[in-house]
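Contents: one structure, followed by commentary.
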There are 2 protein chains.
Amino acid sequence: MGVREESNERRRGDILDAAERIVSEKGIGHLNIRDVARASGCSTGTIYTHFADLDALALHVNARTLSRLAGALDTIEREDGGSGIAGQLCAMAYAYMDFAAGHYHAWSALFEHRMSRPLPDWHREDHFRLFRRIAGKLQMLHPGLPDEAAFLQARTLYAAIHGIVSLGIADRLGRLPDETLREQIRAVVLKLVS
Amino acid sequence: MGVREESNERRRGDILDAAERIVSEKGIGHLNIRDVARASGCSTGTIYTHFADLDALALHVNARTLSRLAGALDTIEREDGGSGIAGQLCAMAYAYMDFAAGHYHAWSALFEHRMSRPLPDWHREDHFRLFRRIAGKLQMLHPGLPDEAAFLQARTLYAAIHGIVSLGIADRLGRLPDETLREQIRAVVLKLVS
DNA sequence: AAAAATATTGAACATTGTTCGATAATAAGT
DNA sequence: ACTTATTATCGAACAATGTTCAATATTTTT
């Protein structure tokens with residue numbers, strides 16, 4: 001790789017790093033071109049040679065967040081606590097909740113981000129990978145469940161848990177105590193995967 | 001009421017009407033002071049004598065939307081289809097889905113709106129009234145269920161359904177066919193209220 | 001009718017996303 | 001090695017938008 005490409009990659013990484021830091025510290029609402037430029041040591045114009053626009057930059061920050069989230073769920077998945085598949089799904093739901101609480105700004109950026117236009121395929125795929133992992137677990141619980149049905153149920157389970165976590169953790173309607181939220185999640189997961 | 005108050009109320013109503021139209025036709029992302037001023041026939045400055053800022057205006061639009069949503073659920077609640085309480089809860093969830101699909105922009109404005117700061121009490125109360133209605137139904141299904149538990153479960157049920165509808169209807173990850181979504185919702189409601 | 005209170009206006013300011021011509025740095029060609 | 005072409009960077013400028021405020025018009029009070 002030439003000097004050119006290397007320098008480009010470093011610059012792009014620096015910009016993304018700066019944007020990521022801003023989002024996770026202050027929320028996506030405080031992400032703006034000038035602050036990113038200042039924090040990554042370049043001009044506003046340069047950002048536009050590495051990202052199409054601010055939206056694209058935010059999208060890539062979200063992709064990183066989603067990847068960290070997938071990593072957190074991976075960890076749970078590997079350490080089988082011996083509580084069976086349903087218990088593992090509960091643990092994954094807890095991990096989702098903990099991630100949302102522990103990386104609140106980054107997590108909420110995943111959803112605060114403009115609902116307006118559809119996400120690019122590569123980012124949808126990031127989400128779908130998550131669904132597929134859950135679908136696999138559901139198939140372990142219900143042998144013979146067709147792929148498509150498993151995927152659909154996984155999506156529904158994920159959506160339900162997301163809704164509960166979202167409403168419980170976001171300040172919009174007042175936060176629920178962690179323990180209460182955990183109980184609700186456990187009850188819902190167990191009922192939905194039964 | 002003097003001429004002054006009347007004129008004030010009319011003006012405030014006109015502004016809110018204009019804002020509501022813009023939100024429901026183009027989405028909250030296209031709500032801006034100048035367009036509202038033009039559409040309601042006044043200057044930008046005047047808007048600020050009737051609403052604290054654009055955020056407050058959006059909030060009042062959302063309050064109207066929530067009130068229409070409550071009305072839609074009310075209708076379902078009154079026309080007992082004879083399918084029992086659980087069936088009624090399903091019907092309410094369908095109504096929620098239909099409202100979201102039928103008034104997509106207005107509905108998504110309820111949630112696209114800045115998660116950042118907590119909602120004012122009067123608007124939280126609008127949501128809580130909804131929860132209480134559902135809680136009442138849950139208590140009919142489970143006589144003896146304490147108010148607090150019923151409220152909590154109602155909130156969870158609402159959140160879960162919202163998550164499912166949200167992920168299914170928003171274009172973000174691709175829409176689900178209405179029938180598929182309806183089946184998922186039915187299954188979830190029945191499992192969660194059991 | 002005069003004075004006080006209130007509402008409205010629209011120009012002005014601040015912030016922010018984005019573009020673009022000028023300039024600098026690198027790569028390719030000879 | 002020198003020239004030319006390509007690419008990256010800068011930062012000033014533009015457009016859109018939220019918000020304020022002094023000036024003006026309107027309504028109420030005295």
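By convention in this document, chain letters (A, B, ...) are assigned in the order of the sequence lines, proteins followed by strands, and residues within each chain are numbered from 1. Computation of the quantities below employed the complete heavy-atom set of this structure, encompassing side-chain atoms and omitting hydrogens, waters and symmetry-equivalent molecules.
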Heavy atoms under 4.0 Å, any strand shown: does I33(A) hit a base, just sugar-phosphate, or nothing?
-> base
Whole-Å distance, I28(B) CD1 to dT17(D) C1', equals 15 Å
What's the CG-C1' distance between N32(B) and dT15(C), to the nearest Å?
-> 15 Å
Give a yes/no on whether any side-chain N or O of N8(A) is located under 4.0 angstrom from OP1 or OP2 of dT7(D).
-> no
Between P of dA16(D) and CG of D53(A), the distance in whole Å | 17 Å
Nucleotide nearest S43(B) when distance is taken to its side chain, options dT20(D), dT8(C), dT9(D) | dT8(C)
In whole angstrom, what separates R4(A)'s CZ from dA28(C)'s C1'?
-> 11 Å
Are the charged groups of D14(B) and R11(B) less than 4.0 angstrom apart, N to O?
-> no
When R11(B) and D35(A) are each assigned the nearest nucleotide of DNA chain C, the 5'-most assignment goes to R11(B)
Between R182(B) and D98(B), does at least one N-O distance fall below 4.0 Å, as a salt bridge requires?
-> yes
Atom CD1 of I47(B) and atom P of dG10(C) are separated, to the nearest Å, by 13 Å
Considering only dG10(C), dT17(D), dT8(C), which nucleotide approaches the side chain of T49(B) most closely?
-> dT8(C)
Side-chain contact check for T44(A): nearest option of dT17(D), dT7(D), dG11(D) is dG11(D)
Short side-chain N/O contact from H50(A) to OP1 or OP2 of dT9(D), under 4.0 Å | yes
Nearest-angstrom distance from the residue atom CD of E6(B) to C1' of dT28(D) | 15 Å
K26(B) backbone acceptor or donor facing H30(B) side chain under 3.5 Å = yes
Of L54(B) and T46(B), the one whose closest nucleotide on DNA chain D sits nearer the 5' end is L54(B)
In whole angstrom, give the distance that lies between atom CD1 of I15(B) and atom P of dT8(C).
-> 8 Å
Would you please classify the geometry between the H162(A) ring and the F111(A) ring as parallel, tilted or perpendicular, with 30° and 60° separating the classes?
-> tilted
Between dT19(D), dT19(C), dG10(C), which one does the side chain of Y48(A) approach most closely?
-> dT19(C)
Separation of atom CG in L57(A) from atom P in dT16(C), rounded to whole Å = 15 Å
With a 4.0 Å cut-off on heavy atoms, is L31(B) in touch with a base, just the backbone sugar-phosphate, or nothing at all?
-> sugar-phosphate
Backbone of A63(A) reached by a side-chain donor or acceptor of S67(A) within 3.5 Å | no
Output yes when at least one side-chain N/O atom of R34(A) is less than 4.0 Å from OP1 or OP2 of dG11(D), else no.
-> no
